[in-house]
Number of protein chains: 2
Amino acid sequence: MSPPLSPVRTRNAAATRTAILEAARRRFAHEGYDQTGLRDIAGDAGVDAALISRYFGGKDELFAEVLACSPNIAEFLEGDREGFGERVAQVLAVEPMREEKFELFLIMLRSVSSPKAAETIRIHSQQAFFQPLQDWLGDKDAAVRARLLSCVMMGATMNRMIHEDFLLDDQQRRELCAGLARTLDHYVSGEI
Amino acid sequence: MSPPLSPVRTRNAAATRTAILEAARRRFAHEGYDQTGLRDIAGDAGVDAALISRYFGGKDELFAEVLACSPNIAEFLEGDREGFGERVAQVLAVEPMREEKFELFLIMLRSVSSPKAAETIRIHSQQAFFQPLQDWLGDKDAAVRARLLSCVMMGATMNRMIHEDFLLDDQQRRELCAGLARTLDHYVSGEI
DNA sequence: GAGCCATGTCATCAGTTGGTGACTTCTAGG
DNA sequence: CCTAGAAGTCACCAACTGATGACATGGCTC
């Protein structure tokens with residue numbers, strides 16, 4: 001899919017590891033765990049496929065590593081509370097899906113169906129998504145509100161995965177974004 | 001997974017077809033398109049795997065047939081408008097996931113990652129989910145509101161797929177249900 | 001410069017998958 | 001009762017997957 005990252009300097013373990021990790025992240029985000037082959041990743045990274053098993057142990061471990069080093073929800077929690085809904089909704093509904101901020105979502109949602117990835121995803125989504133969100137909300141109903149927030153966020157992503165803005169013009173997309181933002185802010189402010 | 005449906009009366013084309021279709025529906029809902037093998041389905045249906053290709057042409061066609069004959073959104077659209085949120089939220093958050101009403105969602109969400117299934121899903125979700133919902137809403141913003149509704153519905157399903165009511169007690173589940181119902185009804189009544 | 005270990009390459013394995021065609025067996029219609 | 005065709009069975013293929021171990025080679029240390 002993409003050319004080798006550093007054709008000039010081969011035989012550099014750190015660079016190779018990084019290249020594999022990045023290629024894997026893109027692949028997992030675009031095709032999901034099952035559809036991504038070790039050879040695909042290796043090809044993108046410009047690396048022999050055998051190296052992946054050597055560096056990471058196996059596909060599962062590579063997947064876990066990718067999840068661990070991907071940007072999580074924290075980014076959205078920075079900034080003022082009132083702007084949360086708008087910030088998130090922008091990413092969910094208007095910004096291009098290629099955006100990095102999106103990738104963790106895509107990786108998780110595209111790979112849940114695979115049993116080997118499912119457990120890893122559950123643990124990671126709890127640690128790097130749910131718990132921070134819940135802590136950020138702070139109040140007593142935090143667990144339920146975090147769940148509600150994630151319903152909307154995941155649902156929006158899912159929806160976009162299925163029909164990519166199919167049949168929705170710019171105006172409608174803005175309305176969709178506004179609706180999402182409003183609902184998210186409702187949950188944040190505690191009005192379940 | 002389950003014993004043959006009719007061991008007494010073999011050599012019945014219609015029964016065999018139905019058995020395959022039902023086994024496939026269960027499998028696709030529980031494991032998704034990729035993780036489901038023709039041999040798994042055949043085993044559940046108590047049928048030789050070769051028959052599937054013979055009856056349906058291939059895995060893709062079988063999948064399309066399963067989607068086509070699964071119960072769709074229409075069931076939820078019956079009844080009064082005010083009760084919509086509650087009806088749906090009940091299924092999404094409190095009723096057991098084994099429910100048949102759930103299966104179409106699960107099939108779609110667990111199989112989007114597979115390219116072969118994705119196109120079929122897109123078409124079918126448009127025909128059997130989106131369009132009816134949009135028509136039912138009726139107003140001008142119907143397209144956007146339908147999208148918002150499906151965000152919440154799919155998101156709730158997705159959430160449940162990832163951590164099955166993990167860490168949520170009965171009281172919290174009721175709150176979650178109430179929150180979902182409220183949001184859904186907001187969208188139905190036009191308050192985006 | 002020699003030696004050694006980390007790094008990278010290659011061929012290959014075993015398992016699984018969807019799919020196909022030749023074969024057997026049952027049943028309906030004459 | 002007998003035959004024709006439907007229904008079901010079986011063996012097998014080609015493609016792909018993740019993974020492994022033997023081998024080649026580069027680059028650092030002494």
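Protein chains get the first letters and strands the later ones, always in sequence-line order, with residue 1 at the start of each. Bear in mind that the values here come from a model prediction, so they are computed numbers and not experimental data.
Between Leu62(A) atom CG and dA19(D) atom C1' there is a gap of 14 Å when expressed in whole angstrom units. The CG-P distance, from Asp48(B) to dA6(D), rounds to 19 Å in whole Å. When the P atom of dG18(C) is taken as reference, atom NZ of Lys116(B) falls 9 Å away, rounded to whole Å. The CD1 atom of Ile20(A) sits 11 Å away from the P atom of dT9(C) (whole-angstrom rounding). When the P atom of dA6(D) is taken as reference, atom CG of Asn12(B) falls 15 Å away, rounded to whole Å. Put simply, CG on Leu38(B) is 10 Å from P on dT17(C), counting in whole angstrom units. Straight-line distance from the CZ atom of Arg39(A) to the P atom of dA15(D): 14 Å, rounded to whole Å. The distance from atom CZ of Phe56(B) to atom P of dT20(C) is 15 Å, rounded to the nearest whole Å.
Here Arg87(B) pairs with Asp80(B) in a salt bridge; the nearest charged N to carboxylate O distance falls below 4.0 Å.
Applying the 4.0 Å criterion to OP1 and OP2 of dG8(D), one finds that Tyr55(B) has a side-chain N or O inside that range. Ser53(A) has no side-chain polar atom (N or O) that falls below the 4.0 Å cut-off from OP1 or OP2 of dT20(D). The phosphate of dG8(D) has OP1 or OP2 within less than 4.0 Å of a side-chain N or O from Thr16(B).
Here the two rings, on Phe84(B) and Tyr187(B), have centers that are 6.0 Å apart or farther.
The neighbour count for Arg182(B) CZ, taken as heavy atoms of other residues, nucleotides or ligands under 6.0 Å away, does not exceed 12.
Side chain Arg11(A) to base dT25(D): a donor-acceptor pair is found below 3.5 Å.
Using a 4.0 Å heavy-atom criterion, one finds that Ala49(B) contacts no nucleic acid atom at all.
Comparing dT9(D), dT9(C), dG18(C) against the side chain of Lys59(B) picks out dG18(C) as the nearest. Proximity note for Arg54(B) (side chain, C-beta onward) versus dT20(C), dG8(D), dC12(D): the nearest is dG8(D).
The nearest heavy atom of DNA chain D to Val47(B) and to Asp60(A) marks one nucleotide each, and the one closer to the 5' end goes with Val47(B).
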_As a quick check of understanding, evaluate side-chain hydrogen bond (donor to acceptor under 3.5 Å, both in side chains) for Tyr33(A) and Asp60(A), giving each step before the final call._
CA-CA 9 Å; Tyr33(A) 184 87; Asp60(A) 311 2; 2.6 Å; yes
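With respect to Asp44(A), the salt bridge (Lys or Arg N to Asp or Glu O under 4.0 Å) criterion is satisfied by exactly one of Arg25(A), Arg27(A), Arg26(A): Arg27(A).
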